[in-house]
There are 2 protein chains.
Amino acid sequence: MTEQEKSTEDLIFNAAREEFIEKGFDGARMQEIAKRASINKALLHYYFRTKEKLFDAIFDKVFKIFMPKVLDVMQSDAPLFTKIEVFIESYIRLIMENPHIPSFILHELNRNPDRLVGLFGNVAGIVKEKGFSRFSEAVNEEIKKGTIVPIQPEQLIVNIIGLCIFPFIGRPIIQGVIFNGDKLQYDNFLESRKKEVTKFIINAIAVK
Amino acid sequence: MTEQEKSTEDLIFNAAREEFIEKGFDGARMQEIAKRASINKALLHYYFRTKEKLFDAIFDKVFKIFMPKVLDVMQSDAPLFTKIEVFIESYIRLIMENPHIPSFILHELNRNPDRLVGLFGNVAGIVKEKGFSRFSEAVNEEIKKGTIVPIQPEQLIVNIIGLCIFPFIGRPIIQGVIFNGDKLQYDNFLESRKKEVTKFIINAIAVK
DNA sequence: ATTAAGTTTAACCAAATGGTTAATTAAAAA
DNA sequence: TTTTTAATTAACCATTTGGTTAAACTTAAT
């Protein structure tokens, strides 16, 4: 399917997604979105009445694609270590395919935290109930069994997700300061992380 | 010294810092900065010709205050574990006093990575030379001694900084999803982290 | 073929925005 | 005290920006 054959709505949606992710809500320009979609600006408003509504549509979709991936793994019945290992590798891989999404989501959420409330009934709530509480139980079980060191599940999950996401949000500094701006070194660094973060986490919690 | 007695330049600077940190460059408004500083908008341009120049002045200062704190600890001669412990506790404490700075710096750097280049000769370069390479040596020594597990210093430093910073960048999600929006729980969570992250890191790398 | 509905565009609009100017006031120098 | 310089303001300006309108075009139903 070529660009021409796509529905206008998709054309707009994709153009807007690029523009918003690249520049954020405040930096994005309706005219630029129209240009990227090769259509008239008025058509944007014909399909998505306002900039806010267009943004909301995109933020919703991006968020809904990104968050539930956490679930797939978290709610599996595999042993905790396996869960963690699979999660980290697949999550880093997912972000590598969409490296600007974390920065986008977190920035917009910081600028307007209320946005979460709108998603809460749907996605965020589900993530917590089905994902986190299930994970939380598994962690506490392992602690009781003595296979992992005592740790609050909240701390552990933030550590895991933080270690996956931070290298992408912090890319300019990491690549710039640590790797002297060398993109290749940074890419290798990322590639290694899939295994390294897993090792690091397991090491941190396993009782040896 | 009351607000009135401060120099006009400081008044503008502080007002602008608040506005930029809260809304980012794109979302900030010169009129709003003037209002916050209780002065005429033209006076902004009298002191700092353009929005860009005003922003640059602020970004520079914020960046220069935040980055070198990393140095103080990193270049000390204390044992690695002590270094790490002191760094994590003081860094998390520092961010707790300025919780929006990391999000601000990282967002603006992602929007315009070239900004780093301007700072590179000064701050960033120093951080790397005096801070990171010193830390890097210390890590490699401990590995050789067999006191810590083999790990690339680059991975370790990103892990340490990521674990310190991420809870602040990800606040809306953490507080919203994990703690059901309860600010108190989130604050306790942060407070615990000063000890928890240290334990976690040491556990992850120490050979037992 | 005609009508009706949906799609797309050019031109336009009002508000917001970064920035300027010319005049006024306050402070410092003579 | 007078003069010069710096600080401050109200009014203004050009451009950008999100959004609208009315007309033209396309497609499908009657």
Side-chain angles (χ1 to χ4, degrees), chain A residues 1-62 104 107-108 111-112 114-115 118, chain B residues 1-62 104 107-108 111-112 114-115 118:
Chain A
M1 184 158 62
T2 69
E3 286 290 308
Q4 303 235 353
E5 285 158 339
K6 276 187 206 152
S7 77
T8 306
E9 198 169 332
D10 283 353
L11 226 52
I12 294 174
F13 196 91
N14 290 328
R17 205 192 54 221
E18 284 175 26
E19 174 80 358
F20 279 130
I21 288 176
E22 220 167 89
K23 316 220 179 110
F25 178 83
D26 292 321
R29 294 291 168 253
M30 294 299 268
Q31 179 55 56
E32 180 62 24
I33 293 173
K35 196 171 146 197
R36 288 194 198 223
S38 314
I39 53 146
N40 187 287
K41 183 165 69 84
L43 208 50
L44 293 181
H45 293 94
Y46 177 77
Y47 280 92
F48 304 82
R49 300 179 44 78
T50 66
K51 188 186 180 185
E52 268 83 7
K53 286 200 168 55
L54 175 54
F55 179 85
D56 283 349
I58 278 143
F59 188 85
D60 257 53
K61 198 177 179 190
V62 169
F104 167 69
H107 171 70
E108 298 300 340
R111 263 237 70 192
N112 183 3
D114 290 340
R115 209 178 287 286
Chain B
M1 185 157 63
T2 70
E3 285 292 308
Q4 303 236 353
E5 286 158 339
K6 276 187 207 151
S7 78
T8 305
E9 198 169 332
D10 282 354
L11 227 51
I12 293 174
F13 196 90
N14 289 329
R17 204 192 54 222
E18 284 176 26
E19 174 79 358
F20 279 130
I21 288 177
E22 220 167 272
K23 316 223 179 108
F25 178 83
D26 293 320
R29 295 290 169 254
M30 294 299 267
Q31 179 55 56
E32 180 63 23
I33 293 173
K35 196 170 146 196
R36 288 195 198 222
S38 316
I39 53 146
N40 187 287
K41 183 165 69 86
L43 208 49
L44 293 181
H45 293 94
Y46 178 76
Y47 280 92
F48 304 82
R49 299 179 46 75
T50 66
K51 190 186 180 186
E52 268 84 6
K53 287 203 168 54
L54 175 53
F55 179 84
D56 282 350
I58 279 144
F59 188 84
D60 258 53
K61 198 176 179 192
V62 168
F104 167 70
H107 170 69
E108 298 300 340
R111 263 236 70 190
N112 183 4
D114 290 341
R115 209 177 288 284

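Just so we're clear, the structure is a prediction, and the values are computed from it rather than from any experiment. All chains are named by letter (A, B, ...) in the order of the sequence lines, taking the proteins before the strands, and each is independently numbered beginning at 1. Below, all heavy atoms of this structure are taken into account, side chains as well, without hydrogens, waters or symmetry copies.
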Nucleotide nearest B:His45 (side chain, heavy atoms from C-beta), chosen from C:dT20, C:dG6, D:dA6
C:dT20

Starting at CG of A:Leu11 and ending at P of C:dT7, how long is that distance when rounded to a whole Å?
14 Å

Rounded to the nearest angstrom, tell me the gap between atom CG in B:Leu43 and atom P in C:dT24.
18 Å

Residue-phosphate contact under 4.0 Å: B:Arg49 side-chain N/O, C:dG19 OP1/OP2:
no

Using a heavy-atom cut-off of under 4.0 Å over every strand shown, decide if A:Phe48 touches base, sugar-phosphate, or nothing.
nothing

Do A:Lys41 side-chain atoms and A:Lys35 backbone N/O form a donor-acceptor pair below 3.5 Å?
no

Nearest whole angstrom, please: distance from the P of C:dT7 to the CD1 of A:Ile39.
13 Å

Run the salt bridge (charged side-chain N to carboxylate O under 4.0 Å, His left out) check on B:Glu19 and B:Arg29 step by step: do they pass?
CA-CA 8 Å; B:Glu19 174 79 358; B:Arg29 295 290 169 254; over 6 Å; no

Give a yes/no answer on whether the side chain of B:Thr8 brings an N or O atom under 4.0 Å of OP1 or OP2 in D:dA7.
no

Whole angstroms only, please: what is the NZ-P distance between A:Lys35 and C:dT9?
16 Å

Measure CZ/A:Arg29 against P/D:dG19 and give the value in whole Å, please.
12 Å

Between D:dG19, D:dA7, D:dT9, spot the one nearest the side chain of B:Tyr46, thanks.
D:dA7

Quickly work out the B:Met30 CE to C:dT17 P distance and round it to whole Å.
12 Å

So B:His45 and B:Thr50, side-chain contact (heavy atoms from CB on, under 4.5 Å) or not? Walk me through it.
CA-CA 6 Å; B:His45 293 94; B:Thr50 66; 5.5 Å; no

Give the nucleotide from the list C:dG19, D:dG19, D:dA7 with an atom nearest to the side chain of B:Lys41.
C:dG19

Give a yes/no on whether any side-chain N or O of B:Tyr47 is located under 4.0 angstrom from OP1 or OP2 of D:dT8.
yes

Taken to the nearest whole Å, CD/B:Gln31 to P/D:dA11 is 14 Å

With side-chain contact (heavy atoms from CB on, under 4.5 Å) as the test, would you mind laying out the steps for A:Arg17 and A:Phe104 before giving the verdict?
CA-CA 11 Å; A:Arg17 205 192 54 221; A:Phe104 167 69; over 6 Å; no

When you measure from the side chain of A:Lys51, which nucleotide among D:dT9, D:dG19, C:dG19 comes out closest?
D:dG19

Let's see if you can work this out: which of D:dG19, C:dT20, C:dT8 has an atom nearest to the side-chain heavy atoms of A:Glu52?
D:dG19

Separation of C:dG18 atom C1' from A:Asp26 atom CG, nearest Å, is 16 Å

Give B:Ala28 one of three labels, base, sugar-phosphate or nothing, depending on what nucleic acid heavy atoms sit under 4.0 Å from its own.
sugar-phosphate

Kindly indicate, with the supporting measurements, whether the criterion side-chain contact (heavy atoms from CB on, under 4.5 Å) is fulfilled by A:Phe59 and A:Phe25.
CA-CA 10 Å; A:Phe59 188 85; A:Phe25 178 83; over 6 Å; no

